[in-house]
Amino acid sequence: MAQAMRPNTVGGLFATDGKPHPLQDTLLVVTGVLGVLAFVTGFFGDLHLLSSWTGLIGILTGAYGQWISVTTRERFGLVLGLGASAVGFFLGMAHGGLFGGVVG
């Protein structure tokens, strides 16, 4: 019955230590949204400006979020967002890049 005496640490969805982390949670959500947007638009060649810029910004926000993250749940979500941002960024770069170059 030792598990019955443990404190409840489910304070937030991403905070496993029971403390609020509003900046880290915001960076997690922003990185996730940018990652999904970059990943989806990366498959359309005409949207290379959107996918490359959102991917780049998602990579930067995710990297900063990793640097200041406190819990494993935050880091896990940030890694997913970073991966999606990177794939979208690289696909956007392959389709024309950040400044609108046309690929043959």
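These figures come from a predicted structure and were not determined experimentally.
Under the rule for a ring-ring contact (aromatic ring centres under 6.0 Å, His included), F44 has no partner lying at least two apart in sequence or in another chain. By the side chain to side chain contact (heavy atoms under 4.5 Å, CB included) test, V36 is found to be paired with V40, residues two or more places apart in sequence or in another chain being considered. Judged as a side-chain hydrogen bond (donor to acceptor under 3.5 Å, both in side chains), and not counting sequence neighbours, the contacts of T31 are T61. Residues meeting the ring-ring contact (aromatic ring centres under 6.0 Å, His included) test with F90, sequence neighbours left out: none. With sequence neighbours excluded, no residue forms a side-chain hydrogen bond (donor to acceptor under 3.5 Å, both in side chains) with T54.
To the nearest 0.5 angstrom, H48 atom NE2 is 11.0 Å from T41 atom OG1. Distance CG/L98 to CH2/W53: 5.0 Å, rounded to 0.5 Å. Residue T71 holds its OG1 atom at 6.5 Å from NE2 of H21, rounded to the nearest 0.5 Å.
The shortest heavy-atom contact between S52 and G97 is OG-O, 3.3 Å. Of all non-hydrogen atoms in S85 and G58, the two that sit nearest each other are OG-CA, 3.5 Å. Pairing each heavy atom of S51 with each of G92, the nearest pair is OG-CA, 3.2 Å.
Annotation for I68: hydrophobic cluster partners, listed by chain and number, are L23, L27, Y64, W67 (ILVMFWY side-chain heavy atoms under 4.5 Å, direct or chained).
Although no hydrogens or angles enter the test, the distance criterion places no donor-acceptor pair under 3.5 Å between the side chain of Q66 and the main chain of G62.
Side-chain contact check for F39 versus F89: every heavy-atom pair is 4.5 Å or farther apart. Taking 4.5 Å as the limit, some side-chain heavy atom of V70 sits within range of a side-chain heavy atom of D17.
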* Mind running side chain to side chain contact (heavy atoms under 4.5 Å, CB included) on R73 and R75 for me, showing each step along the way? => CA-CA 5 Å; R73 287 185 188 175; R75 292 183 190 117; over 6 Å; no

